[in-house]
Amino acid sequence: NSSAASDVYKRQVPEKKLRSAFLSLYGCTPYSYQRDAKMTRAAELLVQRPEMPVSEIAFSLGYSDEFYFTKVFHSRYGTSPREFRKNQKL
């Protein structure tokens, strides 16, 4: 229903309030939630698609900089994407 959609836009919840509600529900910020979801998907792709280059995985998840992607991945898993992939084969 298009009138229901327009009603949502008319209400305009302040960003700070929305962020606070998200934090209460999920225990993290929307940014952290999205980043963690991307890193989980990256780990899945590293294992399931060993032929897929790390740069392509990074790009497919919205990272235009492979080095930044590697930094974020390392902060989540404590290892680089390449090492993670190599260790999963053992």
Side-chain angles (χ1 to χ4, degrees):
N1 185 331
S2 64
S3 81
S6 65
D7 287 346
V8 170
Y9 288 111
K10 289 178 188 174
R11 291 190 196 127
Q12 292 192 6
V13 177
E15 184 179 337
K16 187 174 180 178
K17 188 171 185 176
L18 188 59
R19 211 179 295 224
S20 178
F22 192 95
L23 184 61
S24 294
L25 283 171
Y26 297 103
C28 62
T29 65
Y31 174 78
S32 296
Y33 184 88
Q34 182 182 37
R35 183 194 61 225
D36 290 347
K38 286 180 178 184
M39 291 300 105
T40 298
R41 182 65 183 139
E44 291 170 353
L45 288 171
L46 287 164
V47 174
Q48 295 169 357
R49 306 270 312 270
E51 76 289 349
M52 190 175 191
V54 171
S55 60
E56 192 176 326
I57 291 172
F59 183 74
S60 75
L61 295 170
Y63 290 91
S64 58
D65 182 347
E66 180 184 349
F67 297 107
Y68 180 68
F69 167 77
T70 297
K71 179 180 175 181
V72 174
F73 189 92
H74 191 280
S75 72
R76 168 80 187 271
Y77 292 102
T79 189
S80 72
R82 285 176 180 80
E83 286 296 315
F84 181 89
R85 176 180 271 165
K86 191 168 91 175
N87 290 335
Q88 296 303 309
K89 291 180 181 181
L90 299 177

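Counting from 1, the numbers follow the sequence of the chain as shown. Note that these values count all heavy atoms, side chains included, but never hydrogens, waters or copies made by symmetry.
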J.: Is there a donor-acceptor contact under 3.5 Å from the side chain of S24 to the main chain of S20?
T.: yes

J.: Tell me, which pairs form a salt bridge (charged side-chain N to carboxylate O under 4.0 Å, His left out) where one or both residues lie in residues 52-68, sequence neighbours left out?
T.: E66-R82

J.: Sequence neighbours excluded, which residues qualify as ring pair (Phe, Tyr, Trp, His ring centres under 6.0 Å) partners of Y33?
T.: F22, Y26

J.: My understanding is that only residues two or more places apart in sequence, or in another chain, count here; which of them pass ring pair (Phe, Tyr, Trp, His ring centres under 6.0 Å) with F69?
T.: Y63

J.: Using 0.5 Å steps for rounding, measure from the CE atom of M39 to the CZ atom of F84.
T.: 11.0 Å

J.: Residues two or more places apart in sequence or in another chain: which of them pass side-chain hydrogen bond (donor to acceptor under 3.5 Å, both in side chains) with S32?
T.: T29

J.: Distance-only check: which donor-acceptor pairs under 3.5 Å involve side-chain atoms of residues 41-53, not counting sequence neighbours?
T.:
| unit_1 | atom_1 | unit_2 | atom_2 | d |
| --- | --- | --- | --- | --- |
| R41 | NH1 | E44 | OE1 | 3.1 |
| R49 | NE | E51 | OE2 | 2.9 |

J.: Which residues satisfy the side-chain contact (heavy atoms from CB on, under 4.5 Å) test with K17, sequence neighbours excluded?
T.: V13, P14

J.: Is there a chain of hydrophobic side chains (I, L, V, M, F, W, Y, each step under 4.5 Å between heavy atoms) that links V54 to Y68?
T.: yes

J.: Measure the spacing between SG of C28 and CG of L25 and express it to the nearest 0.5 Å.
T.: 10.5 Å

J.: Write down the atom of P81, the atom of T70, and the distance for their closest heavy-atom approach.
T.: CD-CG2, 3.6 Å

